[in-house]
Amino acid sequence: MQRPGMKEELPKQYDHSTTEKRWYQFWLQKGYFHSQPNPQRKPYCIVIPPPNVTGALHLGHALNNTLQDILIRQKRMQGFETLWMPGTDHAGIATQAVVERRLWQEERKTRHDLGRAALVERIWKWKDEYEARILDQLKRMGCSCDWQRTRFTLDPICARAVRHSFFRLFRDGLIYRGKRLVNWDTTLQTVISDDEVFHEQVPGHFWYFRYPVLDPQPGDPPYVTVATTRPETMLGDTAVAVHPEPAAALDKAERELANRLATAPAKERPQLEAELAELRQRRSSLLPLLERLRDMARQGRKVLLPLLNRPIPLICDEWAKPEMGTGCVKITPAHDPNDYEVGLRHGLPMINILNLDGTLNANAGPFQGQSIEQARRNVVAAMEQQGLLEKVEDRLIDLAHSDRSKTPIEPMLTDQWFIRMERLAQMAMEAVQDGRIKIIPARYAKGYLDWLAEKRDWPISRQLWWGHQIPIWYCQTASDVELQRAFAGRQDICWRQDQDSGQWLICALEEDLPEDAIPGHRLRREEDVLDTWFSSALWPHSTLGWPDQTEELLYYYPTSVLVTSRDILTLWVARMVLMSLYNLGQIPFYEVYIHPKILDAYGETMSKSKGNGVDPVDVMEKFGADSLRFGLAYLTTETQDIRMRVDFECPHCGKLLEQTLDNRTLPRITCPHCGKPFATQWAEKPEDKALPRGPVVSERFELARNFCNKLWNASRFALLNLSGYCPAPVPDAELRIEDRWILSRLATVTQQVTDALAEYRFSEAARTLYEFAWDEFCSFYVEMLKSRLQEQGSRAVAQRLLAHTLDVLLRLLHPMVPFVTEEVWQRLADFAPERGIDRPERAAESIMIAPWPTADARRIDPQIEAQFARFQQVLRAVRDVRARQNVPPKRKIRFLVRCDVPTALLLEPMAEYFGPLAQAEPTGWGPDVQPPPLVATVATAGMEIFVDLAGLIDLEAEIARKKQELAKLQSLMEAKQRKLADPAFLQKAPAAVVQQHRQSLQSLQEQYDALQRWLTQHAQMPS
RNA sequence: GGGCGAUUAGCUCAGUUGGUCAGAGCGCCACGCUUACAACGUGGAGGUCGCAGGUUCGAUCCCUGCAUCGCCCACCA
């Protein structure tokens, strides 16, 4: 394919809209993104953290993928065989929930109305739509993924890896089925993992219930009081617990409190003292009762569970804390995690009172069929009616909610599948502990290790329809012999007896089993699907073709780095590590880079549901993809999250309106500037949707947009001045000071950027390039080339240097701003197809595949850089005087520099640049210059600059200013002198530092003297 | 309760193996459309680097405590 056509004229402003699509197509058609195993090169591979197909990408994804593309593009230029594996995640619960919600909103249907197959079909449609949108977003950002390899966690390749992993785990006894108390989401009707639960404080109550004592003996209390925040659970109570050693427990609590009090800061003391007093009070009032109850429990006494009139035992268990509540605790093993443990310890019945939809079941007796809320009210009312409600307290309750449906979690006893973590977690910990996997920044390793150290078994079954169905078939009736006969010689089938139910659990590797796989018996397939993280955990190797030993797997694995944000370090990263170690005996990646999170102006993470999410496409349409990318890289520092104020942009008048907590979820907003309404992402009603949409953008991308424009214009200057360019080596002898300076700086910057990217210091790389390109290349070098390009004699060399410097700069910038650099690269090729000042070579047909620059250490010249800094100092001083004295811009001024001979020798060759850069003309430099009578002076270290201001100067103002400066210098000098008079400093500080301070004082003294001279001289002059 | 991070100019944030590094962008002020760029140029104002101690010849940087904010994990009948 030919290079796509470019408009001949160069617009003054860089127009991203006309270039981005063109070059992306060009790259695609050239096949640059595609990677094949190539033994001649080293591999570099990143697997994308697959975005959920739940919805479109927001700025957090944009950041994640920008950083990956920067790494990938740089490594590609560095000559690695570079593969960026793209794909998306089916995100089981989240996606099904979104589709179900929409089904309900639009058609008032539940998933049961539709049935499994139809619902799954709908979700596939949703997936197709959003996957396309997501991939399009990535492409617009310029991501150089190998699209030919795009995967989806439910596609056949991933599904095969899931089946193989499950089969191996099951065969090895690492997967089991068991009754467990799980987090039940009554809305979605599925179990969710602890990690999908969030806690929220809600106002609630503390109800005190009385349970009558059965057959009270003399001295027994008539009833036992227990407190609860969930009254309805009493229907499932199977015991009341009291501490076995209440006195000892109270002593211990008291000791602990006293210890805390001893070390507590004054502020917390009153609080602690109050607690201590209360504890002592409680001891005297409650202890006899608790000890009595303890004795009763030991005797096997019972209480009567009201409403259901079920006798339940009093038991002794340490879970009942005498210092809390009433000192006694009701035990509901089937609906509370702690009670469940108690139930296991005491062999208590576990009575489930809930149906899957959150209504009460037959075990709830008269409350059957009621919702939890109804039952709660009715239970309380009934207890009150029977005189068994002692009191009610208001209280804030930390309630567990489902992250997916936002409904309160009900702990529920159900059959679930688990993975034993003991061994797997250990392996995953060791991989990080022994340094095989490096987590960057290192502080995140702790969270990873702590989480794994708990080694809690991983619940992997979900009662969903969208996902990988668990490849298990149940058979109740067959015998072991029949199984062996039916599956004789089949390596791909294994089975085990379920401990609880006694039925066979049969696992099949790749083929699904028919109902009649065992003659004379019926098999029933497990309906549950696997937790989404199960397939995500396989992502690095499943996408490369495992379980087959594909060429790709052998070549690219382990992958180079995983780039992600900290919140899924455990959920995803840890699980990838352990599954990879289990399946392949290899780590999945060498490094894990954790990048910052993007927060809104209020410090909240961005999410679509909050309404503060920003579509990167909005940002790109306004600022361009390069600006999005550069802006994000510029903000990616090691410690800070990225806080970003976002604004609505009115589609009518273009003005910005800050997004606030109040307006961010409105479906339509009326622009306060022009009074016209526009739609937001929340628009659903037809009349809202018909309005033009107001995109959400952030002014934090302006810096990057301006930078791209600056780069564009510097390039534009180059292109306008390269006609007649002729490549040739430039010998050192032909280099001028400014050339040696820019080449030295270029080499330094090359090294700095290369190092920064190697260590994931994106912000530093971006800042280094920003400053070099703007403050050095544009502000000085290009300015100084202007006159050289005008003159025939110097033009050719100047062109070679210009082309070369721009060429290197473009390559260094390309990973961050791929589009504008390619646009310039291509145009540059028209004038200067061969570039370089040592040995000019033909430039690559695309900057994407041009070699990454290497720092030429030979060019680094600190002396020249220091000398050039001198020149800049003089220039700044002259400009300063001009501005201060309000010298009209076109008026030329003259100046002298009093300095030593070496400095004068340096300044000499720069003389001609003071004209174009400062409208100034040097009339002499050296130790013996004679300043004219009326001058403005600037004294800097080692130099005194006199600007001739005859007829221009505002003497009064200048004198006032000088006096101020004098005072400032004086205080600086005094501080210095004090320091240099301090024997401790002289004795202990390194000699070099002392010397530095001496020089510094001397220089201050010179400046001071110069000012003094000027003041004495001008004080007598008539103004 | 445990852990992690932050606190620097009006705003958003860099920075430091502890010694002229107190910086950038935006905003503000003054002057300029000078033949790459007003999305620009030149110059300027603006900060006892959260507070209090400590270590050190020397602390914005290291240590301790405190305050405020954010995040993660655990947990409260």
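Note that the structure is predicted; figures quoted are calculated from it, not measured. Residue numbering restarts at 1 for every chain, and letters A, B, ... go by the order of the sequence lines.
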Pair A/T233-A/K330, side-chain donor/acceptor within less than 3.5 Å: yes

Donor-acceptor pair (no angle test) under 3.5 Å: A/R705 side chain, B/A39 base: yes

From B/G19, B/U20, B/A38, nucleotide with atom closest to A/K12 side chain: B/A38

Rounded C1' spacing from B/C33 to B/A38 in Å: 7 Å

Separation between the P atoms of B/G3 and B/G10, rounded to whole Å: 35 Å

Complementary nucleotide for B/C40 - Watson-Crick or wobble, under 3.5 Å: B/G32

Short side-chain N/O contact to B/C37 OP1/OP2 from A/K710, under 4.0 Å: no

Minimum-distance nucleotide to A/N706 side chain [options: B/G19, B/C40, B/C76]: B/C40

Closest to the A/R716 side chain, choosing from B/U20, B/A74, B/A36: B/A36

Interatomic distance, A/L656 CG vs B/G27 P [rounded to whole Å]: 12 Å

d(CD, A/Q1002; P, B/U20) in whole Å: 18 Å

Donor + acceptor pair across side chains of A/S1003, A/Q1007 (<3.5 Å): yes

Toward the 5' end of RNA chain B, by each residue's nearest nucleotide, A/A714 or A/R879: A/A714

Complementary nucleotide for B/G10 - Watson-Crick or wobble, under 3.5 Å: B/C26

Each nucleotide N or O in nucleotides 45-49 of chain B that has a protein N or O under 3.5 Å away: list the pair and distance.
none

Closest listed nucleotide, where the reference is the side chain of A/D880 and the choices are B/G19, B/G43, B/C73: B/G43

First encountered from the 5' end of RNA chain B, between A/R876 and A/A984: A/R876

Distance between C1' atoms of B/U68 and B/G25 (Å, rounded): 26 Å

Which nucleotide in B/C37, B/G43, B/G19 has an atom nearest any side-chain atom of A/A883: B/G43

P gap between B/G19 and B/A59, integer Å: 11 Å

Polar side-chain atom of A/T225 near backbone of A/R210 as donor-acceptor pair, under 3.5 Å: no

Side-chain N,O (A/K321) to OP1/OP2 (B/C76) below 4.0 Å: no

Partner nucleotide, any strand, of B/U17 [Watson-Crick/G-U, under 3.5 Å]: none

B/U48 versus B/C11 - spacing of their P atoms, nearest Å: 13 Å

Opposite nucleotide pairing with B/U55, Watson-Crick or G-U, both atom distances under 3.5 Å: none

A/S715-A/Y14 side chain donor-acceptor pair, cut-off 3.5 Å: no

Ring centroid separation A/Y208 to A/F206 under 6.0 Å: yes

Watson-Crick or G-U wobble mate for B/C66, both contacts under 3.5 Å: B/G50

Length of the CG-C1' vector between A/D15 and B/A39, whole Å: 13 Å

Check: A/F762 ring centre within less than 6.0 Å of A/Y634 ring centre: no

side-chain hydrogen bond (donor to acceptor under 3.5 Å, both in side chains) assessment of A/D775 paired with A/Y770: CA-CA 8 Å; A/D775 301 336; A/Y770 180 95; over 6 Å; no

Side-chain donor-acceptor contact under 3.5 Å, A/H205 with A/D394: yes

A/H997/A/F985 aromatic ring centres below 6.0 Å: yes

Options B/C75, B/A36, B/C40, nucleotide nearest the side-chain atoms of A/W774: B/C40

Proximal nucleotide (of B/G19, B/U12, B/U42) relative to the A/R700 side chain: B/U12

B/C76 - base-pair partner by Watson-Crick or wobble geometry, distances under 3.5 Å: none

Under 3.5 Å side-chain donor-acceptor pair for A/D317 and A/H243: no

Base of B/A38 paired with side chain of A/Q13 (donor-acceptor, under 3.5 Å): no

Rounded interatomic separation in angstrom, taking CE from A/M644 and P from B/C26: 16 Å

Side-chain N or O of A/T637 closer than 4.0 Å to phosphate OP1/OP2 of B/A14: yes

Interatomic distance at P, B/G23 relative to B/G46, whole Å: 13 Å

Whole-angstrom distance between B/U16 and B/C61, as gauged at atom C1': 6 Å

ring-ring contact (aromatic ring centres under 6.0 Å, His included) involving A/F209 - partner list, sequence neighbours excluded: none

A/E823 versus A/T19, side-chain donor and acceptor atoms under 3.5 Å: no

Nearest-nucleotide pick for A/E783, side chain only, options being B/C37, B/C57, B/G19: B/C37

Same-atom distance (C1') from B/A9 to B/U60, integer angstrom: 14 Å

Reading 5' to 3' through nucleotides 3-10 of chain B, protein heavy-atom contacts under 4.0 Å coded B for base, S for sugar-phosphate only, - for none: SSSS----

